[in-house]
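Side-chain atoms are counted along with the backbone in the values below, which use heavy atoms only and exclude waters and symmetry mates.
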Amino acid sequence: MKLKMTCTRAEANHKQLQNCLETLDKMKGSFQKITKLLSLAGNDVRLKILYLLNKENELCPCDLADILKMSVPAVSQHIRKMKDAAIITSRRDGQTLYYSLNEDETEILNNIFKSIRLERKTAKTLQQ
């Protein structure tokens, strides 16, 4: 794809701009996937659910409802959105569904969770 140049700076590097355009075009799918994940994780409750699933490997909706002090139907609505986006998966054991993170999402989420832990460590350091 050829970039239509609108930059009027005399020293504009048109090759650099074209390379940036081509790079973004090649990464289009990755950006869409990460945007979808971050959009869902941008909700406080869903981020907590993702964190708990990452930490505990799997939990059922009633476990999550107890931990988050929410109703099971409210937790189930959040789970459904993440399951529809293929961020989490489920397995059935009798009448109970257990949810876990889709392994494709764990690397991105682990980086987010590291920053949460770092913030907590920083807060502890400031209290001392």
Working to the nearest 0.5 angstrom, can you tell me the gap between Ile79 CD1 and Asp84 CG? 11.5 Å

Walk me through it: do Leu68 and Leu52 pass the test side chain to side chain contact (heavy atoms under 4.5 Å, CB included)? CA-CA 10 Å; Leu68 298 171; Leu52 291 167; 4.2 Å; yes

Let me confirm one number: the CE-CD distance from Met27 to Gln32, rounded to the nearest 0.5 Å. 12.0 Å

Side chains of Tyr51 and Leu109 in contact at under 4.5 Å (non-hydrogen atoms): no

Separation of Leu64 CG from Lys69 NZ (nearest 0.5 Å): 13.5 Å

Show which side-chain atoms of residues 94-102 pair as donor or acceptor with protein atoms under 3.5 Å away, not counting sequence neighbours.
from   : atom 1 : to     : atom 2 : distance (Å)
Ser100 : OG     : Thr89  : OG1    : 3.3
Asn102 : OD1    : Asp104 : N      : 3.0
Asn102 : ND2    : Ala86  : O      : 2.8

From Arg46 atom CZ to Lys48 atom NZ, the distance as rounded to the nearest 0.5 Å: 13.0 Å

Val75 vs Val45 side-chain heavy atoms within contact, under 4.5 Å: no

Val72 to Cys62 - nearest heavy-atom pair and separation: CG2-CA, 3.9 Å

Please enumerate all residues that pass side chain to side chain donor-acceptor pair (under 3.5 Å) together with Ser71, with sequence neighbours excluded. none

Shortest non-hydrogen pair, Lys83 vs Ser90, comes out as CE-OG, 3.1 Å

Does any non-hydrogen side-chain atom of Leu59 lie less than 4.5 Å from one of Ile49? no

Measuring from atom NZ of Lys26 to atom CG of Leu21, what distance do you get when rounded to the nearest 0.5 angstrom? 10.5 Å

What's the separation between atom NZ in Lys33 and atom CD1 in Ile87, rounded to the nearest 0.5 Å? 9.5 Å

